[in-house]
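Please read the structure below before turning to the comments.
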Amino acid sequence: MSVQIPSCLLFVSFCLFLFGLHTTVSAQCLSDQKSSLLSLKKALTFDSSHSTKLVGWNQSVECCTWGGVTCDETGHVIVLDLRNESISGGIKSSQWKGLNRLEFLSFGDNFLSGNLPESLLQIPSLLGLDLSNNKLSGRISKLIRVSSNKLYNLDLSSNSFQGSIPEFVFKIPTISTLTLSKNKFSGSVDLDVFGKFKDLYALDLSYNDLTVIVNERGSFSSLTKLNSLMLASCKLQKIPDIKNHTRLMMLDLSVNELKGEIPSWIWQVGNGYLRFMNLSHNHFSGLQKPYTFPFLLDVLDLHSNELKGDIPVPPRRVYNLDYSNNKFGSSIPVDFGNVLRSTLTFSISNSKVVGVIPESLRNATSLRVLDLSRNGLTGSIPLIGNLKDLQSLDLSVNKLTGRIPEQLTNLTSLSFLNVSYNHLSGRIPQGSRFQAFTELSYKGNDGLCGPPLKKTCGKRMS
Ligand SMILES: *[C@@H]1O[C@H](CO)[C@@H](O)[C@H](O)[C@H]1NC(C)=O
Ligand SMILES: *[C@@H]1O[C@H](CO)[C@@H](O)[C@H](O)[C@H]1NC(C)=O
Ligand SMILES: *[C@@H]1O[C@H](CO)[C@@H](O)[C@H](O)[C@H]1NC(C)=O
Ligand SMILES: *[C@@H]1O[C@H](CO)[C@@H](O)[C@H](O)[C@H]1NC(C)=O
Ligand SMILES: *[C@@H]1O[C@H](CO)[C@@H](O)[C@H](O)[C@H]1NC(C)=O
Ligand SMILES: *[C@@H]1O[C@H](CO)[C@@H](O)[C@H](O)[C@H]1NC(C)=O
Ligand SMILES: *[C@@H]1O[C@H](CO)[C@@H](O)[C@H](O)[C@H]1NC(C)=O
């Protein structure tokens, strides 16, 4: 060693050449990186019968090829992905010293416990840190500082952190994806405190014990890069001012205290590029007219509100449509099935829907789940035997009359059927599918007969 170092210093270009070789031939793990990783492995507690990455970290193998390890061209570890390795216990501060080029670190889906491992925030080169879905808990110290001045992705979701949103978060001006959902953070937080993150791309504060305060024309409303805003269960009383968020694609304002009409402007956010909208579990009474749903919307969840009046005709690309638990008091538009051609699931259960089930549903050929239960639907069951992918059909607790159409036995994917509590009559179709359903699928229809019901059909019936 004492000879090699000076010679290397003398022949700098030779040293660079050697490095160059490493770049072109293969990124070989540097020995200090290997020993840092091995001491990390030694210090972590993990279940080796479940581990697929750590368990294979082995002195005799080149460390850039180890599971979860990615090196840069100089042989420094830059990504460490230790998700789902059954790691438990805490992380000590000494373990990161050698890994000073680390950019992305994930400990997601493990069983880490104790408080936030502060040492992770001291890694100077860090760009992304994922600690989601662990058992971390407690208040996060106000004294924590983040060493990296480039951190842009922080995920602390699905832990049990308490107290107010940690202060260090507000000192990371570069943050673009911040995920703090499913913890026990509490207190009130003004949405405008996030207005200073000019690069904010995704914010998720859902399912804490937070009260999120919204201002008109505050600094939050001027963010230009926001793509995803998740504020479920944030005690919101007002819709955030997102009129100018021209890149917004995902909006979740479910489980809040929003009321009145859903304003028509909300369908224009994201310049018509909105794909996911969840306004469920609020107190909305209707949709302000006129409204135009964004063409690209593919998830629309309006369930558990107090929507009255016309049943909104969704955009054609919607694949998940939930209107259940509302108070429409109107009937399903005749053409409704024709706009559900690409829809996979549609529910309007328990929503005071009246009138007949439109025949056009036979054109909703992508449907897997159709739930029209607990309404005041009348008329007969439409001929929808052609819905080849339908797995679940719930028409229970309505006022449907007539027979169960024979052609429903053509629903070869059907694994759940409920037509209970209607006024149906006649013999239950005897297809093999239909034999598999029990009495519970048919009860409460006085006129129905034949297996699986005990009531036999008279001559007239069969
Ligand atoms: C976690 O790893 C186990 C195997 O060890 C695997 O079965 C499971 O699907 C993984 N879970 C996730 C979320 O990747
Ligand atoms: C390390 O890996 C080599 C080559 O795959 C293998 O032969 C050896 O048994 C491994 N050692 C340990 C301790 O797992
Ligand atoms: C939103 O955009 C409009 C027009 O581009 C602008 O006049 C208005 O000041 C912006 N509002 C906010 C809160 O940034
Ligand atoms: C909408 O939000 C509710 C409540 O947060 C949740 O249960 C539901 O799964 C969400 N809908 C979709 C389509 O993600
Ligand atoms: C189903 O769609 C076809 C065109 O694809 C249309 O001609 C027909 O009228 C539709 N059926 C109903 C009942 O609306
Ligand atoms: C059920 O499907 C078969 C074959 O796909 C078809 O021939 C038959 O007409 C269908 N039955 C009814 C009642 O629609
Ligand atoms: C069908 O709905 C009725 C009424 O809600 C219920 O009692 C019955 O158990 C349901 N049947 C099945 C198969 O779930």
Side-chain angles (χ1 to χ4, degrees), residues 46-57 67-68 81-88 106-112 130-135 155 157-158 182 313 316 324-325 331-343 346-351 355-367 369-377 379-388 390-400 404-405 407-408 411 414-424 428 433-446 448 451-453:
F46 64 98
D47 175 354
S48 52
S49 66
H50 180 103
S51 162
T52 57
K53 302 169 198 167
L54 276 174
V55 74
W57 290 13
D81 175 1
L82 296 176
R83 272 176 293 180
N84 193 15
E85 285 283 288
S86 274
I87 302 168
S88 55
S106 177
F107 276 111
D109 304 321
N110 282 294
F111 307 99
L112 292 176
D130 171 18
L131 294 172
S132 63
N133 205 11
N134 277 284
K135 297 185 182 309
D155 189 346
S157 63
S158 299
K182 298 184 182 157
V313 175
R316 284 172 185 270
S324 61
N325 299 322
S331 50
I332 303 176
V334 174
D335 273 344
F336 205 76
N338 293 326
V339 293
L340 296 190
R341 286 173 204 261
S342 22
T343 307
F346 171 51
S347 173
I348 193 164
S349 170
N350 192 32
S351 290
V356 301
I357 303 174
E359 289 289 339
S360 62
L361 278 179
R362 62 176 287 108
N363 278 338
T365 49
S366 306
L367 276 180
V369 177
L370 178 60
D371 187 354
L372 307 178
S373 65
R374 298 178 182 275
N375 284 296
L377 291 166
S380 53
I381 298 178
L383 302 176
I384 52 173
N386 63 319
L387 302 185
K388 288 276 174 282
L390 198 64
Q391 293 163 7
S392 171
L393 176 62
D394 197 342
L395 303 174
S396 64
V397 197
N398 276 293
K399 296 173 184 161
L400 300 172
I404 298 174
Q407 67 148 265
L408 289 198
L411 295 171
L414 204 64
S415 57
F416 178 86
L417 173 75
N418 200 345
V419 295
S420 294
Y421 299 105
N422 278 287
H423 306 303
L424 299 168
I428 292 169
R433 259 312 126 180
F434 275 57
Q435 277 336 197
F437 301 120
T438 68
E439 254 178 291
L440 289 177
S441 293
Y442 303 103
K443 66 179 179 177
N445 289 285
D446 286 343
L448 278 184
L453 295 177

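In listed order, ligands and their atoms are each counted from 1.
Here the side chain of Asp155 pairs no donor or acceptor atom with the backbone of Leu131 at under 3.5 angstrom. For Ser351 (side chain) and Ser349 (main-chain N/O), a donor-acceptor pair under 3.5 Å exists by modelled atom type. When atom types are taken as modelled, the side chain of Asn375 and the backbone of Leu377 share no donor-acceptor pair closer than 3.5 angstrom. Put simply, the side chain of Lys53 gets close to the backbone of Asp81: a donor and an acceptor are under 3.5 Å apart. Put simply, the side chain of Asn110 gets close to the backbone of Glu85: a donor and an acceptor are under 3.5 Å apart.
Between Phe437 and Leu414 there is a side-chain heavy-atom pair separated by less than 4.5 Å.
Under the 3.5 Å distance criterion, with hydrogens and angles disregarded, no donor-acceptor pair is assigned to the side chains of Asn422 and Asn445. Side chain to side chain, Asn350 and Asn325 meet the donor-acceptor criterion of an N or O pair below 3.5 Å.
Taking every non-hydrogen atom of Ser396 and a distance limit under 4.0 Å, the qualifying atoms of ligand 7 come out as 2 (O). Atoms of ligand 7 lying under 4.0 Å from at least one heavy atom of Arg374, given by number and element, are 4 (C), 5 (O). Counting atoms of ligand 7 from 1 in the listed order, those under 4.0 Å from a heavy atom of Leu440 are 1 (C), 8 (C), 10 (C), 11 (N), 12 (C), 13 (C). In the vicinity of Asn338, heavy-atom distances shorter than 4.0 Å reach the ligand 5 atoms 1 (C), 2 (O), 10 (C), 14 (O).
By the criterion of a heavy-atom distance under 4.0 Å, neither the backbone nor the side chain of Phe437 is placed next to ligand 7.
Note that atom 2 (O) of ligand 1 has protein non-hydrogen atoms nearby, at separations under 4.0 angstrom. Checking atom 14 (O) of ligand 5 against the protein gives a heavy-atom contact under 4.0 Å.
Given atom 5 (O) of ligand 5, the protein heavy atom at minimum distance is Arg341 NH1, 3.4 Å. The closest protein non-hydrogen atom to atom 10 (C) of ligand 1 is Asn84 ND2, 2.3 Å.
Any N or O atom pair closer than 3.5 Å counts here, and Ser360 shares no such pair with ligand 5. For a threshold of 3.5 Å applied to N or O pairs, the pair formed by Asp109 and ligand 1 contains no separation below that value. In terms of N/O distances under 3.5 Å, ligand 5 is approached by Asn363.
For Phe416, the closest heavy-atom approach to ligand 7 falls below 4.0 Å.
Summarising the contacts of atom 8 (C) of ligand 7 with Asp394, Asn418, Val397, the nearest heavy atom is found in Asn418.
Residues meeting the salt bridge (charged side-chain N to carboxylate O under 4.0 Å, His left out) test with Arg362, sequence neighbours left out: none.
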